[in-house]
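In what follows, a structure is listed as structure tokens, so that the remarks can point back to it.
Atoms within a ligand are numbered from 1 in the order they appear, just like the ligands themselves.
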Amino acid sequence: MNKNSGGASRLTTPPKPLDMGQTFSELAEMARTTVRLHPRRGTPGRKESSMGGPLLWPRDEQWPRCTQFDQHGSYSDIDLPTDPLPLVPVLQIFARDVPELPFPQDTDLCQVLWCPLDHDYVGAAPAVTVLWRDSSSITDPLLEHPPADPPHSEDEYIPHPCVLSPERVAEFPDPRDLPWDLQQRIQQWENEARHDWSYFYHLSAAPGTKVGGWVSWIQDPIWLTCEAGHELEHMLTIASWESDGQSWKTWTPVEDRGRIGWHPGNVNGHSVQIPLVPDQRPADIMIGDAGSMYVFTCTRCDHRPTLTLMQCS
Ligand SMILES: [Zn+2]
Ligand SMILES: [Zn+2]
């Protein structure tokens, strides 16, 4: 099941408690493979795939800076910048680790950066830049890129460096991406079930930061088209949380389960044990209110246009 062409993953999603593809044959036909990136705090090098890590960058190429001052807004008390603001590294992925990314011809390196401020035109979220490179052409790399500018940036938009452990898992669509009739039958199945598993939270699309596969929507699905009218594909998701208060039950890797702690809490007057799942926010980012940044692309257009969409609760 978990074929990891980019080397064995350190982290493994456990098998699901129920096989939804057997319960609903239409779902089996809609199964897709996603690559969970499993970011974990670490010290990646510039020649490694990473989240928030150093990028392999040509020394003679200027570091990108944002000058869209009129687009900047902030819900916190930071001083908005009046000088060009350095973009910060969000993801760097080599084809050897995740060949599933739609690398344009003669490229093997995907770099995702963003401006660490809310931009009005993307619905108060960081403005994303995606770059494709041929890593072998970078013979004289920049040894240290410009540091982030915390006084003028949202702290929670500056990811802490993480290493990645790509893992391939099968997943089913978010329920809202299913035909209405099937949604209804799954709802009915949940109502009649003698267990606590929810299709949406536990058995459908993988939460967290990932490449390809289905989108784990936070709000209603929005499928975008490119300028040529092609429907865009989900390229990757950058998530605030690797899992939430429900999805951790089926999506926490086997290797992390022994590290789950519990603390006493209170829900509606009942005392309960609340789980403390390790590494739920490995890069310490928070996009809106526990939001996700979805990056879409068109593989039918050679220049790989990308569009981003942010959703939060
Ligand atoms: Zn900006
Ligand atoms: Zn297109």
Side-chain angles (χ1 to χ4, degrees), residues 32 51-55 57 61-92 100-107 110-132 145-160 177 211-215 221-238 240 283-289 291-312:
R32 285 185 185 170
M51 185 170 190
L55 303 185
W57 195 271
E61 185 178 313
Q62 220 173 27
W63 189 262
R65 290 167 193 268
C66 183
T67 54
Q68 298 176 314
F69 304 116
D70 60 329
Q71 290 289 337
H72 290 155
S74 174
Y75 295 108
S76 48
D77 286 336
I78 55 170
D79 286 329
L80 293 176
T82 50
D83 292 326
L85 185 66
L87 304 196
V88 297
V90 180
L91 279 173
Q92 162 162 291
E100 291 89 346
L101 272 172
F103 289 95
Q105 202 171 2
D106 300 326
T107 69
C110 177
Q111 294 175 332
V112 180
L113 303 92
W114 67 29
C115 170
L117 282 173
D118 286 322
H119 281 232
D120 287 341
Y121 70 92
V122 282
V128 173
T129 298
V130 177
L131 300 172
W132 303 96
H145 51 71
D149 186 358
H152 298 113
S153 306
E154 298 290 354
D155 225 21
E156 294 180 327
Y157 292 164
I158 303 176
H160 291 248
D177 272 328
V211 167
W214 290 99
V215 178
I222 301 174
W223 288 100
L224 306 161
T225 52
C226 76
E227 283 181 347
H230 309 131
E231 186 167 300
L232 297 185
E233 299 158 33
H234 171 236
M235 184 167 98
L236 56 91
T237 293
I238 300 152
S240 300
D284 222 10
I285 54 170
M286 181 54 67
I287 311 166
D289 181 6
S292 285
M293 181 72 80
Y294 308 120
V295 181
F296 298 89
T297 190
C298 178
T299 53
R300 291 164 70 188
C301 287
D302 287 339
H303 66 292
R304 297 284 184 278
T306 51
L307 269 174
T308 60
L309 183 69
M310 191 278 276
Q311 289 188 343
C312 65

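Between H145 and W63, the two ring planes are parallel [angle under 30°; tilted spans 30° to 60°].
Contact check for V88 versus P159: side-chain heavy atoms found under the 4.5 Å cut-off. L101 is listed as a side-chain neighbour of M235, based on a closest heavy-atom distance under 4.5 Å.
Only protein N, O or S atoms were scored, and 4 of them lie under 2.8 Å from the Zn ion (ligand 2).
Note that CG of L91 is 11.5 Å distant from CE of M293, once rounded to the nearest 0.5 Å. Once rounded to the nearest 0.5 Å, the distance linking CZ of F296 with NE2 of H234 reads 6.5 Å. Note that CG of D284 is 4.5 Å distant from NE2 of H160, once rounded to the nearest 0.5 Å.
Rounded to 10 degrees, the NE2-metal-NE2 angle spanning H72 and H119 at the Zn ion (ligand 1) equals 100°. Geometry at the Zn ion (ligand 1): SG/C66 and SG/C115 form an angle of 110°, nearest 10 degrees.
Atom CZ of R300 has 12 or fewer heavy atoms from other residues, nucleotides or ligands within 6.0 Å.
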